[in-house]
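Here the structure comes first, spelled out in structure tokens, and everything after it is commentary.
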Amino acid sequence: MIAFVGGREIYALSNGDTEIRCLTDTLKKHGMLFNLNWSPDGKSLGFTIQEDSLSRSTQICTITIDSKEARYLTPRGQIHSFGQWLPNGSIMYLEGVFRPAEYSEETIRPAESDQYLCIMRNDGSEQRRIFHCSSYRGFTYSSDMDNYHVGAIS
């Protein structure tokens with residue numbers, strides 16, 4: 001099965017099928033949808049939802065393919081980004097804490113943010129942070145100044 005974002009909706013197309021189904025037409029009003037990822041059993045999609053395109057706030061959401069039942073796994077008003085499903089059905093994701101830029105006549109200080117690599121169960125329970133890193137002027141660093149980037153999970 002193939003899933004893709006078109007406009008502001010997620011669509012699915014079965015292998016060999018010509019009918020495209022909209023999976024998110026039952027969701028409440030939303031802005032952007034991104035970071036699509038299939039669950040290990042292929043019965044659900046995980047993604048990041050930004051309800052208001054003018055806000056930095058994003059949530060992690062899953063939707064079952066057959067029933068189109070959506071589950072919001074993280075709270076509103078924060079920054080979360082879907083990473084990937086782990087083989088056991090847990091979800092890896094990023095949690096961001098944004099600190100707005102401070103401006104003064106002497107200096108312009110760009111925005112800073114803290115990010116955490118996190119894991120949770122596929123129902124949103126047992127959320128826990130694995131490690132912390134920060135972002136300043138577009139560079140990501142941890143407390144020991146090493147750069148970490150999650151490339152793949154096996």
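These numbers come from a predicted model, not from an experiment.
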Audit row: Arg21, Ile65, side-chain contact (heavy atoms from CB on, under 4.5 Å) steps and yes/no: CA-CA 10 Å; Arg21 292 182 21 192; Ile65 303 307; 4.1 Å; yes
Nearest atoms (heavy-atom pairs only) where [X] meets [Y]:
{"X": "Ala12", "Y": "Met1", "value": "CB-SD, 4.0 Å"}
{"X": "Phe47", "Y": "Leu45", "value": "CD2-O, 4.1 Å"}
{"X": "Trp85", "Y": "Pro40", "value": "CB-CD, 3.6 Å"}
{"X": "Gly89", "Y": "Asn122", "value": "O-CB, 3.1 Å"}
{"X": "Gly6", "Y": "Tyr11", "value": "O-CE1, 3.5 Å"}
{"X": "Asn37", "Y": "Gly83", "value": "ND2-O, 3.6 Å"}

Could you tell me the separation between the [atom1] atom of [X] and the [atom2] atom of [Y], rounded to the nearest 0.5 Å?
{"X": "Glu95", "Y": "Thr58", "atom1": "CD", "atom2": "OG1", "answer": "10.0 Å"}
{"X": "Leu117", "Y": "Met92", "atom1": "CG", "atom2": "CE", "answer": "6.0 Å"}
{"X": "Asn35", "Y": "Cys61", "atom1": "CG", "atom2": "SG", "answer": "12.5 Å"}
{"X": "Ile63", "Y": "Leu23", "atom1": "CD1", "atom2": "CG", "answer": "5.5 Å"}
{"X": "Leu13", "Y": "Glu19", "atom1": "CG", "atom2": "CD", "answer": "9.5 Å"}
{"X": "Ser81", "Y": "Gln115", "atom1": "OG", "atom2": "CD", "answer": "8.5 Å"}

Leu36 and Val5: CA distance, side-chain angles, deciding distance, side-chain contact (heavy atoms from CB on, under 4.5 Å) verdict: CA-CA 8 Å; Leu36 297 181; Val5 175; 3.8 Å; yes
Regarding Glu9 and Thr24, is there a side-chain donor-to-acceptor distance under 3.5 Å anywhere? yes
Examine the side chains of Asp66 and Thr64 and answer whether a donor and an acceptor come within less than 3.5 Å of each other. no
Under the ring-ring contact (aromatic ring centres under 6.0 Å, His included) rule, collect the residues that match up with Phe34, sequence neighbours excluded. none
Quick note, salt bridge (charged side-chain N to carboxylate O under 4.0 Å, His left out) partners involving residues 116-125, not counting sequence neighbours, are Arg121-Glu126
Could you state whether Ile2 and Ile20 fall into the same hydrophobic cluster, counting links through intermediate Ile, Leu, Val, Met, Phe, Trp or Tyr residues with side-chain heavy atoms under 4.5 angstrom apart? yes
Would you be so kind as to tabulate the donor-acceptor pairs closer than 3.5 Å made by side chains of residues 69-79, with sequence neighbours excluded?
residue	atom	partner	partner atom	Å
Thr74	OG1	Ile60	N	2.8
Arg76	NH2	Glu51	OE1	3.0

Ring centers of Phe82, Tyr93 separated by less than 6.0 Å: no
side-chain contact (heavy atoms from CB on, under 4.5 Å) evaluation trace for Ile130 with Ile119: CA-CA 7 Å; Ile130 304 300; Ile119 293 178; 3.9 Å; yes
